[in-house]
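Okay, structure first, notes after.
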Amino acid sequence: MSDSVSPNGIRHALVLGGGGAVGICWMTGLAIGLREAGIDLSLADRFVGTSAGAVVGAVLTGHGDLQKLLTMPPPDSQGPQFDASGFGEILGILTTPGLSANEARKLAGARALEMNVGDPVAHIARIGGLAAVSDWPEADFIVTAIDITTGELQPWTRDSAATLPEALASSTSVPGVFPPIPIGDHYYIDGGMRSPINADLAAGAEFMLIIEPLAHLFPHAPSDSELGGAATASIVPDADAITAFGLDLFSAAALQPAYEAGYRQAADAAPGLKAVWPSR
């Protein structure tokens, strides 16, 4: 990699995509395995987190304990239940012919607001507790969400109106699974409704590492090709990881296998990153 610095001052960007609870565990295994191999993801100059990626990004930027993301729910607990019919209805709205992307997201958000899928305050507390964070880090960290009033992307940063737990909750508010999150006078849902990675928020970096748990399920958005000439590398689940994930991205039984799959993949990914990723 050259010694030049990109026009926006970002040399290394880390983009972490959505993936539900199993995606969090897969990325956690990957991050821990890479760190043991000498690749510290927390050394990026910019972090972009969408949904599950926002949670992992919060721990990396806050120099927290990644292992805490692997806390398993008690056997008798009632965690999030993936409602295929509710989420399917939302996807149907998002893919309605003739609607602009913003209009489709507005309609999807309005429908999500009508669904009885829990208390927003409880979701904020749950996600903030999972990441074990309360304050925005000093790092350049962008958390993505969608404003359902406008249908537009809301990139939360430490200079925004949202607290970090609120930002994380909004970014992980999968419509039909979790409630839209009120922040100020508006409600917000999962940033993955625009793109599974929102990589354009790191456009212009010299090198961009994209970690994408759901690459096998969701296509990129057109905006994800607008990267300002950044060199990129991607890590996506391999066939064994996809099998470990299963169909329910919130299944408690899949969390440990997803972690193990990510940890195993780190060994394959590390050699190719040594020449392009910063070291201490």
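The figures that follow rest on heavy atoms only: side chains count, while hydrogens, waters and symmetry mates do not.
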**OP:** Examine distances only and state if a side-chain atom of Q265 and a backbone atom of V236 form a donor-acceptor pair shorter than 3.5 Å.
**Re:** yes
Between the CG atom in D159 and the CH2 atom in W136, the distance rounded to the nearest 0.5 Å is 9.5 Å
* Asked: With a 4.5 Å limit on heavy-atom distance, are the side chains of P213 and M27 in contact?
  -> yes
Point to revise | Trace of the side chain to side chain contact (heavy atoms under 4.5 Å, CB included) decision for K68 with V59 | key: CA-CA 9 Å; K68 290 185 177 179; V59 178; over 6 Å; no
Let me see the working for L70 and L255 under side chain to side chain contact (heavy atoms under 4.5 Å, CB included), right down to the final yes or no. CA-CA 8 Å; L70 304 176; L255 302 185; over 6 Å; no
| query | Would you find more than 12 non-hydrogen atoms of other residues, nucleotides or ligands less than 6.0 Å from D185 atom CG? | reply | no
May I ask you to test the F87-M115 pair for a side-chain heavy-atom distance under 4.5 Å?
-> no
Handout entry: Expected output: side-chain H123 to main-chain P180 donor-acceptor under 3.5 Å
Key = no
| task | Just do the side chain to side chain contact (heavy atoms under 4.5 Å, CB included) check on I211 and W26 with the steps written out, would you? | result | CA-CA 10 Å; I211 299 179; W26 178 76; 3.6 Å; yes
Have S42 and D40 got a donor and an acceptor in their side chains that come within less than 3.5 Å?
-> yes
The complete set of salt bridge (charged side-chain N to carboxylate O under 4.0 Å, His left out) pairs with one or both residues in residues 207-230, sequence neighbours excluded, reads none
Flag for E166-Y188: side-chain donor and acceptor within less than 3.5 Å:
no
Handout entry: Side-chain touch I197/T50, heavy atoms, less than 4.5 angstrom
Key = no
Under 3.5 Å, side chain of R46 to main-chain N/O of L201, donor-acceptor pair present?
yes
Co-membership, hydrophobic cluster, residues L99 and I148, 4.5 Å side-chain
no
Residue pairs meeting salt bridge (charged side-chain N to carboxylate O under 4.0 Å, His left out), one or both in residues 264-277, sequence neighbours left out, come to D238-R264
Flag side-chain contact, heavy atom, 4.5 Å: I124 against T163
no
Rounding to 0.5 Å, atoms OG (S195) and CG (D200) come to a distance of 7.0 Å
CG of L14 to CZ of F141, rounded to nearest 0.5 Å, is 9.5 Å
So M193 and P175, do their side chains get closer than 4.5 Å, heavy atoms only? yes
CG (D190) and OG (S171) are apart, to the nearest 0.5 Å, by 5.5 Å
**OP:** Apply the test side chain to side chain contact (heavy atoms under 4.5 Å, CB included) to residues L214 and L249: give CA-CA distance (whole Å), side-chain angles for both, the deciding distance (0.1 Å), then the verdict.
**Re:** CA-CA 10 Å; L214 299 185; L249 299 179; 3.9 Å; yes
Those residues at least two apart in sequence (or on a different chain) that pass salt bridge (charged side-chain N to carboxylate O under 4.0 Å, His left out) with R111 are E89, E114
| task | Determine whether V177 and L217 fall in the same hydrophobic cluster, where Ile, Leu, Val, Met, Phe, Trp and Tyr are linked whenever their side-chain heavy atoms lie under 4.5 Å apart. | result | yes
When rounded to the nearest 0.5 Å, the distance separating CG of N198 from CD1 of I210 is 11.0 Å
dist K106:NZ -> D147:CG (nearest 0.5 Å) comes out at 10.0 Å
